[in-house]
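Whatever order the structure lists them in is the order used to number ligands and atoms, beginning at 1.
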Amino acid sequence: MDKLVIEGGRRLTGTVEISGSKNSCLPILAASLLTSERSVIKGVPRLADISTMSKILRNLGVRVDQRDDTLSILPGDYQGRTAPYELVSAMRASVCVLGPLLARFGRARVSFPGGCVIGPRPIDLHLKGLRALGAEIKIEGGYLIAETKGLKGCTVYLGGHFGSSVLATANIMMAATLAKGKTIIENAACEPELVDLAKFLNAMGAAITGYNTHRIEIEGVESLKGAEHNLIPDRIEAGTYIVAAAITRGDILLKNVIPEQITAIIDKLSEVGVSIKQEKDGLRVKVDRKLSSVDVTTLPYPGFPTDMQAQMMALMCTVGGISVITEKVYPERFIHISELNRMGADIILEGATAIIKGSKDLSGAPVMASDLRASAALILAGLVAQGRTEVNRVYHLDRGYERLEDKLAGLGAKVWREKSRRTTIDTTEYREKERVYGSSYQA
Ligand code: EPU
């Protein structure tokens, strides 16, 4: 099992190219199941999660070919209806194939996704929406068995305890494209990844409007065709590099970013004192004054993204003052706190709120985290910690950050990949975490 090793203390400078969005790509790959024709997706990052979704498609009998950053998907008349446990348990986003399979064939069998380290992650909103469209769904042997004699348009309210749901909105939007009549999703999520999905579906022949609002209307059509699509850049990867520049008090240029999609991140980092400016070639991020603490509350888009909470916390450990970070999307997404504290941070947790006493000198340590964004936070902390930090279980990072160590090294960080020796990481504490949370993080 690989680990990343960082010798901290280097200021990052230079240019970094942001990859295509993982969270756009995953539902878009599922959407390609809605037709028998070929679709071509460009700007696809090489990530473990994309490989998992490709495997799910291939397992259904779909042809998926990758050349450089382009994926070609040819469903043909694939016969599969099942997304098996082995694949769904590796990645929660696999549940996205439920809507397309049901819409196209009236039948689907998808493993019920489990909880994961960032919280319980129910799927009640997915089921509510699909049932409202006319699906009968039962749970048998750990599988969701869904059937319909024909989906019918309806009005459905998709708000849960924590607001809207990104992938539930995606699932219902995809299913509704082939339903009879009009579907209205009230309290829909409007993350940029959903806008990207809606644009792809419309290019396939769907009739979706209002997709950048909380009320999406979908007029069902008879059939869809294949389409070509360029993915939007990954806004969370962009945010992570912005924090990398901030935490090392560096000066970097980000290429392939859509600033309008990261307004909340830019706004918060500007409040911290980071200079972020759009230039001709990209987004320039630099630190030329003292940074200060801020309070952050995560919210659905356009609020501050939960997927940037851990990285922001790492930054707050290094600036003067006290910051309060409140998690309103995943109230349990704080597994990184104990690892940051092992590096010398001073963070306490009160319910869904973390209180960070900043200005601590972090010191390198062997650490591990059980999810993607927590791992990113530990890498960021490692960039400024004194000495050597080893971030174990690097496969979490490989799920969501394309060539992370190459990109960081290109900016001047001293970071490299090594094979882990289990003895350095196999602590009782970790074994306990793994027993409780399971070994696989699920995006
Ligand atoms: N929720 C429900 N019921 C549901 C679905 C969700 O109560 O049926 C709750 C969740 O438990 C959570 C909140 O609603 O409290 C929002 O969850 P959401 O459904 O929006 O999350 P998701 O669609 O499963 C996507 C991203 C996550 C990201 C969240 C929130 C993908 C593949 N995953 O998950 O990304 O954190 O939206 O923005 O798009 C990551 O990339 O690291 C990652 C975890």
Next on the checklist: Just to be sure I'm reading this right: ignoring hydrogens, which of A170, S165, P305, A310 gets closest to atom 19 (O) of ligand 1? Compare them by their nearest heavy atoms.
Outcome noted: S165
Next on the checklist: Do K255 and T15 make a side-chain contact, defined as non-hydrogen atoms from C-beta onward lying under 4.5 Å apart?
Outcome noted: yes
Next on the checklist: Less than 4.0 angstrom from a charged side-chain N to a carboxylate O is my criterion; do R67 and D65 meet it?
Outcome noted: no
Checklist entry - Hey, is A93 one of the residues with a heavy atom under 4.0 angstrom from ligand 1? => result yes
Item to check | Check: S54 and L71 side chains under 4.5 Å, non-hydrogen atoms | outcome: yes
Checklist entry - For ligand 1, is R373 a contact, meaning one of its heavy atoms is under 4.0 Å away? => result yes
Item to check | Part of V166 with heavy atoms under 4.0 Å of ligand 1, whether side chain, backbone, both or neither | outcome: both
Checklist entry - Just wondering, do L404 and T240 contact through their side chains at under 4.5 Å, heavy atoms? => result no
Checklist entry - Touching ligand 1 at all, K128? Heavy atoms, strictly under 4.0 Å? => result no
Checklist entry - Backbone or side chain, does any N or O of L167 fall under 3.5 Å from an N or O of ligand 1? => result yes
Item to check | R38 and S72 side chains, donor-acceptor separation under 3.5 Å | outcome: yes
Checklist entry - Which ligand 1 atoms are under 4.0 Å away from a heavy-atom of R333? => result 36 (O), 42 (O), 44 (C)
Checklist entry - Short list, please: which atoms of ligand 1 are under 4.0 Å from a heavy atom of I123? => result 4 (C), 8 (O)
Checklist entry - Is it true that K328 lies under 4.0 Å from ligand 1, counting heavy atoms only? => result no
Checklist entry - Nearest heavy atom to atom 2 (C) of ligand 1: which of S94, P27, S24, P122 does it belong to? => result P122
Checklist entry - Side chains of R373 and Y401: do they bring a donor and an acceptor to under 3.5 Å? => result yes
Item to check | Test of proximity, L26 against ligand 1: N or O pairs below 3.5 Å | outcome: no
Checklist entry - Counting only heavy atoms, which portion of R92 has something under 4.0 Å from ligand 1: side chain, backbone, both, or neither? => result neither
Checklist entry - Should the pair K138-E136 be classified as a salt bridge under the 4.0 Å nitrogen-to-oxygen rule? => result no
Item to check | L372 and ligand 1 - part of the residue with a heavy-atom distance under 4.0 Å | outcome: side chain
Item to check | Heteroatom distance test (E191, ligand 1): nitrogen or oxygen, under 3.5 angstrom | outcome: no
Item to check | Polar proximity ligand 1 side, D124 side, N/O cut 3.5 Å exclusive | outcome: yes
Item to check | Residue part near ligand 1, for V329, under 4.0 Å between non-hydrogen atoms | outcome: both
Next on the checklist: Check this for me - ligand 1, N23, N or O atoms closer than 3.5 angstrom, yes or no?
Outcome noted: yes
Checklist entry - Purely on distance, is any nitrogen or oxygen of R121 under 3.5 Å from one on ligand 1? => result yes
Item to check | Ligand-side contact atoms (ligand 1) for residue partner L125, heavy atom cut-off under 4.0 Å | outcome: 3 (N), 4 (C), 8 (O)
Next on the checklist: Given 3.5 Å as the limit, does a donor-acceptor pair link the side chain of S39 with the main chain of A227, or not?
Outcome noted: yes
Checklist entry - Any side-chain hydrogen bond (donor to acceptor under 3.5 Å, both in side chains) pairs touching residues 142-152, not counting sequence neighbours? => result none
Next on the checklist: Can you confirm whether L29 sits close enough to I50 that some side-chain heavy atom of one is under 4.5 Å from a side-chain heavy atom of the other?
Outcome noted: yes
Checklist entry - Hey, are the side chains of I258 and P192 touching, using non-hydrogen atoms and a 4.5 Å cut-off? => result no
Checklist entry - E86: what forms a side chain to side chain contact (heavy atoms under 4.5 Å, CB included) with it, not counting sequence neighbours? => result P84
Item to check | Any H126 heavy atom less than 4.0 Å to ligand 1 | outcome: yes
Item to check | K22 neighbourhood, listing ligand 1 atoms whose heavy-atom distance to it stays under 4.0 Å | outcome: 40 (C), 41 (O)
Next on the checklist: Please compare D371, L194, T306, I118 and report which has the shortest non-hydrogen distance to atom 38 (O) of ligand 1.
Outcome noted: T306
Checklist entry - How does M308 reach ligand 1, if at all, at less than 4.0 Å between non-hydrogen atoms: by side chain, backbone, both, or neither? => result neither
Next on the checklist: Within the 4.0 Å heavy-atom shell around F162, which atoms of ligand 1 are there?
Outcome noted: 13 (C), 15 (O)
Next on the checklist: Under a 4.0 Å threshold between the charged nitrogen and the carboxylate oxygen, would R333 count as salt-bridged to E327?
Outcome noted: no
Checklist entry - Do Q311 side-chain atoms and D307 backbone N/O form a donor-acceptor pair below 3.5 Å? => result yes
